[in-house]
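Because only heavy atoms are used, hydrogens play no part in the values below, and waters and symmetry mates are left out as well, while side chains stay in. Being a predicted model, the structure only gives us computed values, none of them experimental.
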Amino acid sequence: MNKKITLALVFIFALSFVGAMLPLVTGGAAANANSAQTSWLGTTQQGVVYAGSGTCPLMVTSEQLTFNIPTDLPTVFEERADFDAYVEATYEFLNPTDDDITATLAFPFGNKPHHLKDVTFADTTRRITIGGREVDNALRCTFKSPYEPFDLENDIANLRDEYIFYNTFPAADTSVYVQTYRVNAPDGAADTHLKLNIQAKDKVIFAVSDRKNVTIKLADDLFEITLNSASCDIVVYSFDKDIDFRKSLWAFDSDRKYVSGSSFAAVDEQHEITFAAALQEMQPEAKAYTTVDWYNVAAEYFRNSDIFRGARTFVADSLHVVEEYVLQWFVYELSVPRGATVTNTVRAPLFVGIDIGYNRPVYNVEYLLSPASCWAEFGTLDITVNTDLYMLDSGSLGFAKADGCYKAHFDGLPKGELNFRVCADQNPQRKSGPYRMVFMILLGGFIVFLLIIGVIIAAVVLIITNYEKRKKQAK
């Protein structure tokens with residue numbers, strides 16, 4: 001009987017221990033529970049790199065890296081590109097060789113951050129100077145997943161001046177025949193549904209000039225247009241020169257009743273361009289880049305897509321590359337005479353990561369230092385962060401606050417990358433998730449339930465114990 005009592009007491013203590021530990025084990029998870037996204041990646045940036053192969057013979061005797069971070073940083077889904085935040089890197093390049101050196105340099109600007117929803121990333125401004133004079137630079141782009149870390153060797157190799165080729169994607173020089181058509185609703189009426197039947201031997205792509213007032217659906221060779229205005233222009237890109245639009249064009253009103261008087265007619269002559277040029281025409285923001293760069297980005301983006309194996313007709317939006325997969329570069333040439341030193345400064349906008357899971361937004365800055373290993377030798381690095389915000393954990397990063405800014409000095413290239421966070425609150429606190437209250441109520445109820453069970457078991461054990469004692473006394 002004593003064994004039974006011992007086992008019962010052990011069970012009670014086990015229940016009590018579980019009840020006591022549950023808040024400690026699960027409390028952290030409850031505090032962070034949230035049904036909505038609370039953080040967004042920013043643009044990962046790094047310094048100037050050598051665009052050639054191998055190690056560049058130039059030496060960096062010193063680098064001054066400056067971050068200017070104002071207090072009016074964006075929240076989420078900002079629609080402006082004129083942020084005052086910027087990063088500026090000033091290099092002192094030394095040519096230790098006996099020959100004059102002209103090197104092609106590239107400043108990888110990064111991928112478009114997720115929170116810049118309606119900003120065309122190519123519109124951002126940059127400034128590159130050599131010896132105090134501004135120099136010309138080319139805006140280039142390559143394909144890069146926003147979740148992949150920067151790889152100096154592979155990413156530089158993607159900066160090519162020739163077209164790449166995949167069997168699953170039309171070649172860059174494939175002929176495409178372009179013609180613009182105007183669709184008119186019956187008697188100028190808006191809110192009209194039109195159906196157009198086409199016949200073509202090969203792929204046909206439709207691009208709409210006014211996306212706000214026109215929606216289109218495609219099923220096989222039936223092209224359905226919904227007009228919210230009296231007319232619209234449609235640009236037709238076809239791999240078939242002799243595309244035939246059948247005479248039949250049906251128009252229906254908002255009640256789906258047939259109406260007459262609609263028209264579909266060409267407004268210009270058919271002309272021939274390459275598929276690479278067509279890709280640029282169909283995505284306006286792509287016109288900031290070279291035709292070769294954009295085709296190569298699209299080829300990489302769609303290389304595993306079956307878009308050209310399926311339907312014969314589709315919409316130009318199907319060929320739009322999401323800007324977050326475009327890695328921007330500023331490319332320029334730097335000439336350094338033998339034995340000479342040249343100062344090179346690069347300034348670019350700084351797009352920070354955002355975490356609104358705190359009582360005040362926390363902004364993250366990520367800057368890659370390891371690509372600087374491409375130089376023959378690297379000297380000192382001085383980092384200055386100009387901001388009225390608080391730098392979190394500044395001491396552990398080697399920063400000290402002086403003259404209203406944070407500064408750090410390194411003799412040589414530091415190990416690892418530069419990551420730091422800033423916030424208007426010196427000690428930001430994590431917000432409670434929307435389900436924390438419900439979770440705590442359920443957790444409290446569960447603990448009470450365990451305690452009640454424990455009390456019942458304890459009472460049963462006491463009753464049995466007393467019964468055994470009385471039984472022994474009766475004997």
Side-chain angles (χ1 to χ4, degrees), residues 43-53 56-60 62-68 81-95 100-113 116 119-144 150-162 280 284-297 323 325-337 340-351 367-369 371-372 374-375:
T43 296
T44 300
Q45 293 173 285
Q46 53 270 347
V48 171
V49 295
Y50 175 53
S53 58
C56 181
L58 293 175
M59 295 171 53
V60 176
S62 66
E63 178 185 356
Q64 173 65 54
L65 186 60
T66 303
F67 296 89
N68 188 72
D82 57 338
F83 302 124
D84 293 329
Y86 66 83
V87 57
E88 183 176 271
T90 298
Y91 302 86
E92 292 290 335
F93 283 108
L94 170 65
N95 180 0
D100 296 341
I101 294 177
T102 297
T104 300
L105 306 187
F107 183 81
F109 183 47
N111 298 70
K112 178 179 178 178
L116 288 183
V119 173
T120 300
F121 202 38
D123 290 342
T124 54
T125 57
R126 71 274 187 188
R127 187 170 183 265
I128 299 175
T129 62
I130 297 176
R133 294 184 178 183
E134 194 162 350
V135 297
D136 293 334
N137 58 90
L139 177 63
R140 302 288 302 274
C141 69
T142 56
F143 174 82
K144 183 74 173 179
F150 183 79
D151 186 310
L152 179 60
E153 184 177 352
N154 291 332
D155 287 326
I156 282 289
N158 288 333
L159 270 176
R160 49 171 65 93
D161 295 320
E162 67 279 352
Q280 268 192 314
E285 56 268 32
K287 295 177 182 178
Y289 309 104
T290 66
T291 305
V292 174
D293 280 352
W294 192 255
Y295 173 85
N296 290 341
V297 167
E323 272 196 292
Y325 286 80
V326 179
L327 174 63
Q328 283 196 152
W329 302 75
F330 306 145
V331 180
Y332 60 100
E333 286 191 343
L334 175 72
S335 295
V336 186
T341 298
V342 171
T343 302
N344 175 211
T345 300
V346 178
R347 176 187 287 197
L350 177 66
F351 298 109
Y367 193 92
L368 303 185
L369 299 172
C374 66
W375 308 112

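Annotation: side chain of Leu159 is in contact with side chain of Thr142 (closest heavy-atom distance under 4.5 Å). The shortest side-chain heavy-atom distance between Phe93 and Leu105 falls under the 4.5 Å cut-off. Under the 4.5 Å side-chain criterion, counting only non-hydrogen atoms from C-beta, Leu350 is in contact with Phe67. Contact check for Phe107 versus Asn137: no side-chain heavy atoms found under the 4.5 Å cut-off. Side-chain contact between Thr104 and Val331: present, with at least one pair of heavy atoms (C-beta onward) separated by less than 4.5 Å.
Contact record, Leu139 with Ala288: CD2-O, 4.0 Å, taken as the closest heavy-atom pair. What you find for Leu58 and Trp375 is that their closest heavy atoms are O-CB, 3.8 Å. When all heavy atoms are compared, the tightest approach of Trp329 to Ala106 is CE3-CB, 3.6 Å. Between Tyr332 and Phe330, the shortest heavy-atom distance links the atoms CD2-O, 4.0 Å. The minimum heavy-atom distance between Leu65 and Ala89, with the atom names listed, is CD1-CB, 4.0 Å. Minimum interatomic distance between Ile130 and Glu333 (heavy atoms only, all atoms of both residues): CD1-O, 3.4 Å.
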Item to complete: Output, in order, the C-alpha distance, side-chain angles, deciding distance and verdict of side chain to side chain contact (heavy atoms under 4.5 Å, CB included) for Asn296 and Tyr289.
Response: CA-CA 11 Å; Asn296 290 341; Tyr289 309 104; over 6 Å; no
Item to complete: Check the pair Val326 / Phe143 against side chain to side chain contact (heavy atoms under 4.5 Å, CB included), numbers first and verdict last.
Response: CA-CA 5 Å; Val326 179; Phe143 174 82; over 6 Å; no
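Contact check on Asp161 versus Arg140 returns a salt bridge, with a Lys/Arg side-chain nitrogen under 4.0 Å from an Asp/Glu carboxylate oxygen.
Applying the salt bridge (charged side-chain N to carboxylate O under 4.0 Å, His left out) rule to Glu153 yields no partners; only residues at least two apart in sequence or on another chain are considered. Listed by chain and number, the residues in a side-chain contact (heavy atoms from CB on, under 4.5 Å) with Glu92 are Thr61, Ser62, Thr341, Thr343 (sequence neighbours excluded). For Ser335, the side chain to side chain donor-acceptor pair (under 3.5 Å) partners at least two apart in sequence or on another chain are Thr102.
To the nearest 0.5 angstrom, Phe150 atom CZ is 5.5 Å from Ile156 atom CD1. Interatomic distance, CZ of Arg347 versus CD of Glu88, reported as 4.5 Å (0.5 Å rounding). Note that the CG atom of Asp100 and the CG atom of Asn95 stand 7.0 Å from one another [nearest 0.5 Å]. Taken to the nearest 0.5 Å, the SG atom of Cys141 stands 11.0 Å off from the CD atom of Glu285. Interatomic distance, CZ of Arg160 versus CG of Asp293, reported as 10.0 Å (0.5 Å rounding). Taking CD1 of Ile128 as the reference point, atom CG of Asn344 lies at 7.5 Å (rounded to 0.5 Å).
A donor and an acceptor atom, one from each side chain of Tyr295 and Gln280, are nowhere located under 3.5 Å apart.
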